[in-house]
S.K.: 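Below is one structure. I have some questions about it.
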Amino acid sequence: MDASESRDGDISTLFGPSRVAALDALIADLRSPDPVLRDERAYSRATRWIPALDSAERQYLGDRMAARFSDPAVAARAFAPLVLARIVEAGDWKQEWWSAFADWYPAETDLRGHDPVLGWLHAVAHGADLLAALSRHPGQDPVPLAELAVARLLAATDHLFDAQEDDRLALALARILSHPDLTAAQSARWTDPVAAAFRTGEPGPVPAWASNTMRTLRMLYVLVDRGLRAPAPDGPPRTATHREAVLGALADTLAVVAPYTA
């Protein structure tokens, strides 16, 4: 098998050193500044390979993705949570990965959706995808997931979401709020810091973080009100475990910045 076949082929056909080399090549390509190599080829390969890896291999890959949260290259940082989300879906997760992600997500300052040279970066959206995947991971407490989403929203930034990051983060929150273990109080309490931050507003231009947060909560209201599309096209829509509590909390929070609402 030549290098290109081992790089882009089926990892299930590889064994021993060839398999290790292919996995290391994938890890390297997921850091590439070339958007075609990183996104179109390496990430597509990762989504195919991760279910076929054994747990030790997925943890090896996950350890290297978690280390990328401190990488100097934004593309490396921004793609790490996207790969970790696929690893979570395959059944593996480590507390050390959570610690690295939770430290990075609200602190990331490069929030560009797309760069003409680097391609898709999408740190906010990719982090939201990891939160959504974790909301379905057995044994995961949903409360820290919602709290981390809020921390990302309230972090100071001059960047206005321009690539539907608000929709992706709202979807993640909707999935978190569908967790069966949430109480009604927990389903509403996560909005308290948002309402408090809104109350600090002063006359003048709306800060980017506030606009981003408002738009995220508005989309979340729609998702909670109408429900989430089920995995099966003909299945009933999923909704928040405590729908009325969430809708009430969202309405009260948004009323802080929209006092004209009924």
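Position 1 is the first residue of the sequence, and the numbers go up from there. Computed over heavy atoms, backbone and side chain alike; hydrogens, waters and symmetry mates excluded.
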S.K.: Testing the basics here: between Leu148 and Trp98, what is the closest heavy-atom pair and its distance to 0.1 Å?
M.R.: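 Heavy atoms only, the tightest pair is CD2-CH2, 3.5 Å.
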
S.K.: Without swapping roles, check the side chain of Ser178 against the backbone of Ala174 for a donor-acceptor pair under 3.5 Å.
M.R.: yes

S.K.: Determine yes or no for a side-chain-to-main-chain donor-acceptor pair under 3.5 angstrom, with Asp92 supplying the side chain and Val88 the backbone.
M.R.: no

S.K.: State whether a side-chain donor-acceptor pair under 3.5 Å links Asp115 with Trp120.
M.R.: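 No donor-acceptor contact under 3.5 Å links the two side chains.
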
S.K.: Could you tell me if Arg38 sits above the aromatic ring of Phe79, with its cationic atom closer than 6.0 Å to the ring centre and no more than 45 degrees from the axis?
M.R.: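 Checked: cation-pi criterion met.
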
S.K.: At their closest point, which heavy atom of Pro106 faces which heavy atom of Ala155, and how far apart are they?
M.R.: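 Closest pair (atom of Pro106, atom of Ala155, distance): O-CB, 3.3 Å.
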
S.K.: When you measure from the side chain of Ser99 to the backbone N and O of Gln95, does any donor-acceptor pair fall under 3.5 Å?
M.R.: yes

S.K.: Would you check if the side chain of Glu57 reaches a backbone N or O of Asp54 as a donor-acceptor pair within less than 3.5 Å?
M.R.: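 Judged by distance alone, yes, a pair lies under 3.5 Å.
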
S.K.: If I compare all heavy atoms of Phe101 with all of Leu131, which pair ends up nearest, and what's the gap?
M.R.: CE2-CD2, 3.8 Å

S.K.: Should Glu165 and Arg168 count as an ion pair when the cut-off is N to O under 4.0 Å?
M.R.: no

S.K.: Just by distance, do the side chain of Glu108 and the backbone of Asp110 share a donor-acceptor pair under 3.5 Å?
M.R.: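 Present.
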
S.K.: Before you tell me yes or no, could you show the steps for Asp29 and Arg45 under salt bridge (charged side-chain N to carboxylate O under 4.0 Å, His left out), namely the whole-Å CA-CA distance, both residues' side-chain angles and the distance that decides it to 0.1 Å?
M.R.: CA-CA 10 Å; Asp29 290 348; Arg45 196 184 335 148; 3.0 Å; yes

S.K.: I'd like to know if the side chain of Arg58 and the backbone of Leu53 have a donor-acceptor N/O pair within less than 3.5 Å.
M.R.: yes

S.K.: Please give me the minimum heavy-atom distance between Thr241 and His179, naming the atom from each residue.
M.R.: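 Heavy atoms of Thr241 and His179 come nearest at OG1-O, 2.7 Å.
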
S.K.: Whether the side chain of Glu40 engages the backbone of Leu37 through a donor-acceptor N/O pair (distance < 3.5 Å, no angle test) should be reported.
M.R.: no

S.K.: Please test Trp190 against Leu173 for side-chain contact (heavy atoms from CB on, under 4.5 Å), starting from the C-alpha separation and ending with a verdict.
M.R.: CA-CA 10 Å; Trp190 65 273; Leu173 279 164; 4.3 Å; yes

S.K.: Keeping the roles fixed (side chain from Glu96, backbone from Lys94), state whether a donor-acceptor pair exists under 3.5 Å.
M.R.: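 No, the answer is negative, given that no donor and acceptor are paired below the 3.5 Å cut-off.
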
S.K.: For the residue pair Phe161 and His159, does the interplanar ring angle fall in the parallel (under 30°), tilted (30 to 60°) or perpendicular (over 60°) class?
M.R.: tilted

S.K.: Run the side-chain contact (heavy atoms from CB on, under 4.5 Å) check on Tyr221 and Leu247 step by step: do they pass?
M.R.: CA-CA 6 Å; Tyr221 192 99; Leu247 290 176; 3.6 Å; yes

S.K.: Testing the basics here: between Arg215 and Asp166, what is the closest heavy-atom pair and its distance to 0.1 Å?
M.R.: NH1-OD2, 2.5 Å

S.K.: Mark yes or no for whether Gln140, through its side chain, and His137, through its backbone, hold a donor-acceptor pair below 3.5 Å.
M.R.: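 No.
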
S.K.: Check whether NZ of the Lys or CZ of the Arg Arg64 lies under 6.0 Å from the centre of the six-membered ring of Tyr60 and within 45 degrees of that ring's axis.
M.R.: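 Yes.
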
S.K.: With under 30° as parallel and over 60° as perpendicular, where do the rings of Trp93 and Trp97 fit, or are they tilted in between?
M.R.: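 Taking Trp97 first and then Trp93, their aromatic rings stand perpendicular (interplane angle over 60°).
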
S.K.: Does Arg77 reach the main-chain N or O of Arg68 with its side chain, forming a donor-acceptor pair under 3.5 Å?
M.R.: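 No; zero donor-acceptor contacts below 3.5 Å.
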
S.K.: Write down the atom of Thr191, the atom of Ala249, and the distance for their closest heavy-atom approach.
M.R.: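 Where Thr191 meets Ala249 most closely, the heavy atoms are OG1-CB, 3.6 Å.
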
